[in-house]
Amino acid sequence: MANIKDEKAIRNEILGSVKELYKLREENKSFIPGQTKVNYAGRVFDENEMIAVVDSALDFWLTLGAKGREFCDNFSRYLGIKQCLVTNSGSSSNLIAVSALCCKTIKNPMKPGDEVITTAMAFPTTLNPIIQNGLIPIFVDIEEDTYNIDASKIESAITGKTRAIIFAHTLGNPAEMDKIMDIARRHNLYVVEDTCDALDSIYDGKPCGTFGDFSTFSFYAAHHITMGEGGAICTNSQELYRAALSIRDWGKACFCQTGEASGNGACGHRFDFKFEGLPDGYDHKYVFSNIGYNLKPLDMQCAMGTQQLKKLPEFSKARKNNFTRLYECFKKHEDVFVLPRALPKAEPSWFAIPITIRETARFSKKDFVTYLETKLIETRMLFAGNILKQPGYKDINYRISGNLKYTDGVLYRTFFLGVYPGITKEKLDYMIESIDSFFK
Ligand SMILES: Cc1ncc(COP(=O)(O)O)c(C=O)c1O
């Protein structure tokens, strides 16, 4: 008993020092317009995240365990979805989603050569798992001002080989989910929602990430909530959940959770199965029914995620406010900028504000972003632009349905600015002043 008390006291002392360290660092922070960089995104946290991570480190569990379970429970409850798996990134979540839909263990798997409808205006790892699984991406254009897959163009891209629609809710702006789900249902297609940039965005009263067969999330530092690195994959289907778990955890057949005591045969049937080609009763933990990976995060990351999730409502509020102020600023210059548009049923929790420079403007994207960067205001490209123009994608097997007019527009004329909660009122004032003075 005395030892337990000692450990508690030591732990409290360490965690008390962590809190002090956080406070000290905060006191030394300041913003000087024109001298301090305005980042487009970043971690927003307080002592609670630092304490949660250090506390978990002191547990010294080191792999995935109870903190992961706690995060998954909270996250699936928040989203209103049955199953959630934590992963080490949004990219891994996308890889798991597509690979799980190709698993022979599910009733209706996709197979190499099958077609997947998607967009070429993409973050690479929304597209990559399609290629990595030997599927053929069929590219349809995006809409000019929502930057999302143009749902009106999906149906004409469908052939007898089409099996899925996979897309991201671009920069937090919900895609036209009612139309997309209707097409998917009528043509029996899987839907994967890359929700990495759209946590807490709503479409028709339902959170993004609750419509498709799978939804994926990123908790990289730039995202709505962060674990540093990390991600999640969610589904309402028990069959797909088990396939995803297998792909995340080496391709194992057993669906007991790994990295914790309950993984040690919680099902009570470790030695009860017979698989073709394997000895009778071969340990189920070492039966591999899929060709998988190891894409698990650490408990420490999940401990941080749990703290971040509590802050999501205030984070979203700040994102929306920052977006509105920047939107109003760009609106004054609508003759040269295309403003972003959300659909009537959409309530975006914006990841960033995308802006396109009109073809008729007398300056280029390069001119404008260079100007902002010299003012120490960070800008970003809308990911790959048209990914087919990227060097790594020259030799991929694909088809374009229609044309990619607006996808190309993004490549040449679109950039985005941050709206994250770390952009305080004084930073926002400085951003707006700088944008306005470009025109003086
Ligand atoms: C739409 C989209 N999908 C996937 C990812 C990949 O997430 P991660 O960086 O966690 O791998 C990102 C990254 O920002 C993204 O924006």
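Counting starts at 1 for both ligands and their atoms, following the listed order. Reckoned from all heavy atoms, side chains included, excluding hydrogens, waters and symmetry mates. What you see is a predicted model; the values in this text were computed from it and never measured.
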Side-chain H-bond candidate by donor/acceptor type, Asn133 with Ser99, under 3.5 Å: yes
Asp145 and Tyr406 side chains, donor-acceptor separation under 3.5 Å: no
Ligand 1 contacted by Phe383 (non-hydrogen, < 4.0 Å): yes
Closest to atom 10 (O) of ligand 1 (judged by heavy-atom distance), picking from Ser218, Ala168, Cys196: Ser218
Distance-only side-chain donor-acceptor flag, Asn386 / Thr407, under 3.5 Å: no
Per atom 1 (C) of ligand 1, closest listed option by heavy atom (Asp197, Thr87, Asn88): Asp197
Partners passing ring-ring contact (aromatic ring centres under 6.0 Å, His included) against Phe368 (at least two apart in sequence or in another chain): Phe337, Phe363, Phe415, Phe438
Identity and distance of the protein heavy atom lying nearest atom 6 (C) of ligand 1: Ser91 OG, 3.3 Å
Where at least one partner belongs to residues 210-242, residue pairs that pass ring pair (Phe, Tyr, Trp, His ring centres under 6.0 Å), sequence neighbours excluded: Phe71-Phe219, Phe75-Phe217, Phe75-Phe219, His223-Phe351
Proximal atoms of ligand 1 relative to Ser89 (non-hydrogen, under 4.0 Å): 10 (O), 11 (O)
Atoms of ligand 1, numbered as shown, that sit under 4.0 Å from any heavy atom of His223: 13 (C), 14 (O)
Side-chain touch Asn108/Asn188, heavy atoms, less than 4.5 angstrom: yes
Identity and distance of the protein heavy atom lying nearest atom 3 (N) of ligand 1: Asp194 OD2, 2.7 Å
Ligand 1 N/O within reach of Gly90 N/O, cut-off under 3.5 Å: yes
Under 3.5 Å side-chain donor-acceptor pair for Asn94 and Thr125: no
Atoms of ligand 1 close to Thr126 [distance to a heavy atom under 4.0 angstrom, numbered from 1]: 3 (N)
